[in-house]
Amino acid sequence: MELSPFVIPLGVFVMVVLIVAIASMRKMREKELEAHQRLRQQEMEHERKLKELEIEKTKLELEKARATKNG
């Protein structure tokens, strides 16, 4: 059985396309993971700020309660 002369170039072309596709998918996945990590960091920062505001609010309410109790 004799192979067509186009089999080897076609196989090489398909192999190159697969390598490029795999590399592109890997880069896309890395970018996706970075985006998720960045989003998680932003969420954690937001939660920290909310806790700080809640603590500050509680302190102010306590000071107000002491001021009205004493004055």
Side-chain angles (χ1 to χ4, degrees):
M1 179 177 162
E2 193 172 319
L3 294 176
S4 171
F6 298 109
V7 171
I8 292 176
L10 184 61
V12 171
F13 176 74
V14 169
M15 188 171 44
V16 169
V17 168
L18 286 173
I19 290 170
V20 169
I22 290 170
S24 296
M25 289 174 58
R26 183 175 179 167
K27 285 182 183 178
M28 186 172 52
R29 179 68 178 150
E30 287 175 3
K31 287 182 181 180
E32 183 181 349
L33 289 174
E34 288 173 5
H36 282 289
Q37 184 180 17
R38 190 170 50 251
L39 180 61
R40 180 65 184 141
Q41 287 174 345
Q42 289 173 350
E43 288 175 357
M44 290 173 58
E45 182 68 19
H46 180 70
E47 288 177 15
R48 185 187 63 79
K49 287 180 182 179
L50 285 176
K51 287 180 183 179
E52 288 176 359
L53 287 173
E54 185 66 32
I55 290 170
E56 188 65 27
K57 179 181 174 187
T58 304
K59 286 180 183 178
L60 290 173
E61 289 173 351
L62 182 60
E63 289 176 11
K64 184 177 178 182
R66 286 182 182 165
T68 56
K69 182 179 176 183
N70 293 338

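Side chains are part of it too, since the values below use all heavy atoms of this structure and drop only hydrogens, waters and symmetry mates.
- Between the CD atom of Glu34 and the CG atom of Leu39 there is a distance of 13.5 Å, given to the nearest 0.5 Å.
- Put simply, CG on Leu50 and NE2 on His46 are 4.0 Å apart, with the number rounded to the nearest 0.5 Å.
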- Message: With side chain to side chain contact (heavy atoms under 4.5 Å, CB included) as the criterion, how do Arg38 and Gln42 come out once you've worked through the C-alpha distance, each side chain's angles and the decisive distance to 0.1 Å?
- Response: CA-CA 6 Å; Arg38 190 170 50 251; Gln42 289 173 350; 4.1 Å; yes
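- Between Glu47 and Lys51, none of the side-chain N atoms (NZ, or NE/NH1/NH2) sits under 4.0 Å from a carboxylate O, so this pair counts as no salt bridge.
- For the pair Glu45 and Arg48, the salt-bridge criterion is met [side-chain N within less than 4.0 Å of a carboxylate O].
- When each of Met28, Glu30, Arg29 is checked for a side chain to side chain contact (heavy atoms under 4.5 Å, CB included) with Glu32, only Arg29 meets the rule.
- Rounded to the nearest 0.5 angstrom, Glu56 CD and Glu54 CD are separated by 11.0 Å.
- The distance from the CG atom of Leu53 to the OG1 atom of Thr58 is 10.5 Å, given to the nearest 0.5 Å.
- In the displayed structure, Arg26 atom CZ is contacted under 6.0 Å by at most 12 heavy atoms of other residues, nucleotides or ligands.
- Note that CD of Glu63 is 12.0 Å distant from OG1 of Thr68, once rounded to the nearest 0.5 Å.
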